[in-house]
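Presented below is the structure to which this report refers.
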2 protein chains.
Amino acid sequence: MEAVSRTQPTLDQVARAAGVSRATASRVFGGNPAVSEAARRAVELAAAELGYVPNSAARSLAGGRSDSVGVVVPEPGSRLFLDPLLPRLLRGVGEELSASGLQMVLFSPQSPTDLQRLEQYLAGGHVDAVLLLTLHESDVLPARLKARGIPTVFGGRPRGSIEVSFVDVDNHAGGRTATEHLIEQGRRVIAHISGPRGLHATDDRLHGFREAMWKAALRSDLVEHADLGRDSGEVAMERLLASTHRIDAVFAASDEMAAGAMWALQVLGRRVPDDVAVIGFDDSPVAAATQPPMSSVRQPIEEMGREMARLVLSLASKRGEGPQHMILGPELALRASTVGTG
Amino acid sequence: MEAVSRTQPTLDQVARAAGVSRATASRVFGGNPAVSEAARRAVELAAAELGYVPNSAARSLAGGRSDSVGVVVPEPGSRLFLDPLLPRLLRGVGEELSASGLQMVLFSPQSPTDLQRLEQYLAGGHVDAVLLLTLHESDVLPARLKARGIPTVFGGRPRGSIEVSFVDVDNHAGGRTATEHLIEQGRRVIAHISGPRGLHATDDRLHGFREAMWKAALRSDLVEHADLGRDSGEVAMERLLASTHRIDAVFAASDEMAAGAMWALQVLGRRVPDDVAVIGFDDSPVAAATQPPMSSVRQPIEEMGREMARLVLSLASKRGEGPQHMILGPELALRASTVGTG
DNA sequence: CACGCCGATGGAAGCGGTTTCACGAACTCA
DNA sequence: TGAGTTCGTGAAACCGCTTCCATCGGCGTG
């Protein structure tokens, strides 16, 4: 009597148990159609009985493929503009990858050391493709990945070169649409609380705001810059109110800032939306939680995730294509803060 | 003249370029001290010149080790009580793993299919250890991992068996401490907004509340259950205020609910903290953002992450140990909502 | 009936490392 | 000076799987 092996069953053992060669067994798991029905069944049965799980290291070593794509996200809590949207984006990415049988692997480097290790990891063949959401401009990661020939797609237009593939949302259109909505509601003295100067996303929203105001022949100089956080929005609103203008609407470049602005308005006795309408950006959970609930520009962020996944997969199959770009349009989520309670 | 190979340099090429054997080169990268200084330098130089990156699949196949640990987090946006703490926890885990040269790999299964694939992935040897933060009780994942001999540590005491290692925060002590603080501030009619019945974490907080109240000979029946979200906290507060009791303090089991409660209080003309003190739980960003800023029970969540990492690493080294448990104590973050503005 | 094809299969050569083991050189110690 | 160590090294055996290639019946054709 032989002691039962305590190690994981290997493909070889499965093959032997099924009475076929390792090659055939491998074909069964690889989904290769050139296997007789009988052989397939035998292998599947044997695998089930032995509790076989393919060894991914061996598989990816031999196959040159890992069936997983890496997603690099900003350091959690970095208060990047992406923060509130991240869960939705990941959901989109996950859905799409899942559908192709791929595993999503998240990374969130927190230190330069981490980053370096991450580079090794990604360049070391652990993943078949990479989705980059970090916006640190100084990163050499993209270059390394490119050198290694690993398909890479950015979420959000990266700062520097255009020589990369990316998917982005149309921030300019978002800013314009939000502003137009306020104008349609009869508002005339509209202020804008923008994000940090130099940030692509919020700069574009600001330009959208200006464009809409110009078109309507309204003044577009009531602009304050803040840091996207709630408190800074509150402060910005206070500054705006200190001016002599009778502001009747505010468009903020983030929901958090809009929430802060709304608070400042209410503290100073302004009614929302009766006296001042407020609209935010991102349609994050915050937007629904304010009192009154807040209109916001909803980014098609799940779709962005899906498109990123699709794009990187297509790059992975048809290698050698040039960089691809894709811009997605936003839509408005209207709530009581701009349309009144009717 | 020979065309330059366009493929990744392998260890073999590095070894050849350095004039040593593959074995020696491998020792250099493995940190094996039994290598002469000269050989080491030659290999490092060659590696740098060729841009060598070790192939992780090969390495983990041969070495039986992947130098990465998987972290399974709840579906994003599932509004699990962990939600606001997740970034901090991951930071703690990441720090600790980083220090040991390990890579943290995040997973967030979103569908049963994902979950199954994840099982394969984890059981397939892609990771050396697993940290589980998902609280789906029905999961077979833990059992599978155990069967595969993969060290696993839970974040938060899992519902069922005790036969697993976990790290948890002391919710009972947290509830007690928060309540005692209110009592010390002279409050006597204290209400509690708890989480969903049956949720370990919030049940423990409720018991902590009761214990503190009993000890002080105060009534502890002013309890409402809510769902941890802001709105439900607001509703719960309204119900509490509808009672005839002159409530002078509220302890809510989450910051979000506390924020909702605070809003309800202020809408109804109660001043915080003059009329009613409010304390939350988690010390999440929300706590600092309310007006006035809110006291909260700060969970040592980064530390929890670090301890989880440490624990799983120790399990990975000294195999065969029984399950280990660790409970971490909370502390108070005091702000204006309970201590007055002096 | 001989020939060429085709579909299913197994043998075997890798994939790129790690690690055991044996070996020679340089050193120690008597 | 010879035996016993120590130390650095290389040859080679894997790790578990994929895939190329050769093989082999059985089939449709002329």
Side-chain angles (χ1 to χ4, degrees), chain A residues 5-44 46-47 50-68 120-121 123-126 128 148-149, chain B residues 5-44 46-47 50-68 120-121 123-126 128 148-149:
Chain A
S5 165
R6 206 64 211 90
T7 62
Q8 302 301 333
T10 72
L11 183 62
D12 204 57
Q13 294 173 37
V14 172
R16 217 181 321 261
V20 301
S21 75
R22 201 164 74 246
T24 299
S26 172
R27 290 188 186 102
V28 171
F29 296 112
N32 188 323
V35 179
S36 69
E37 196 53 34
R40 176 181 312 282
R41 246 194 290 272
V43 169
E44 279 166 354
L50 273 60
Y52 170 72
V53 172
N55 178 312
S56 32
R59 180 187 280 245
S60 85
L61 176 57
R65 179 173 32 54
S66 71
D67 285 333
S68 60
Q120 296 269 323
Y121 196 91
H126 247 298
D128 296 337
R148 293 278 165 205
Chain B
S5 164
R6 206 65 211 89
T7 61
Q8 302 301 331
T10 72
L11 183 62
D12 204 59
Q13 295 173 36
V14 173
R16 220 184 316 264
V20 301
S21 74
R22 200 161 78 246
T24 298
S26 172
R27 290 189 186 101
V28 170
F29 295 113
N32 189 322
V35 179
S36 69
E37 196 53 34
R40 176 181 312 281
R41 247 195 290 272
V43 169
E44 280 167 353
L50 273 61
Y52 170 72
V53 172
N55 177 312
S56 32
R59 180 187 280 243
S60 84
L61 175 58
R65 177 175 35 53
S66 71
D67 286 333
S68 60
Q120 296 269 323
Y121 195 92
H126 247 297
D128 297 336
R148 293 278 164 205

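Throughout, protein chains are lettered first and strands after them, A, B, ... in sequence-line order, and every chain is numbered starting at 1.
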inquiry  = Counting primed atoms plus P, OP1 and OP2 as sugar-phosphate and everything else as base, spell out the protein contacts along nucleotides 8-14 of chain D at 4.0 Å heavy-atom distance: B, S or - for each nucleotide, 5' to 3'.
reply    = SBBB-B-
message = Whole angstroms only, please: what is the CG-C1' distance between L61(A) and dT19(D)?
response = 13 Å
ask   = Rounded to the nearest 0.5 Å, what separation is found between the OG1 atom of T10(B) and the CG atom of L50(B)?
value = 9.0 Å
request  = Quick one: pull up OG in S21(A) and CZ in R27(A) and give me the separation to the nearest 0.5 Å.
outcome  = 6.5 Å
key: Atom pair distance, as rounded to whole Å: CG in N32(B) and P in dT19(C)   = 9 Å
ask   = Starting at CZ of R16(A) and ending at P of dG11(C), how long is that distance when rounded to a whole Å?
value = 11 Å
inquiry  = In this structure, how many angstroms lie between the P atom of dG16(C) and the CG atom of N55(A), rounded?
reply    = 17 Å
note = Interatomic distance, CZ@F29(B) vs CD@E44(B), rounded to 0.5 Å, equals 7.5 Å
key: Rounded distance (Å) that lies between atom C1' of dG10(C) and atom CG of D12(A)   = 12 Å
task = Return the value, rounded to whole Å, for the distance between atom CG of L50(B) and atom C1' of dG16(C).
result = 15 Å
key: Separation between CG of L61(B) and OG of S56(A), rounded to the nearest 0.5 Å   = 10.0 Å
remark   = Of the candidates dC17(D), dG16(C), dT18(C), the side chain of S26(B) sits closest to dT18(C)
query = Which whole-number value in Å describes the distance from D67(A) CG to dT18(D) P?
reply = 10 Å
remark   = Rounded to whole Å, the CD-C1' distance (Q13(B) to dC15(C)) equals 13 Å
request  = Identify the heavy atoms of A47(B) and V14(B) that sit nearest to each other, and give their distance.
outcome  = N-CG1, 3.9 Å
ask   = Salt bridge between D12(B) and R22(B), side-chain N to carboxylate O under 4.0 Å?
value = yes
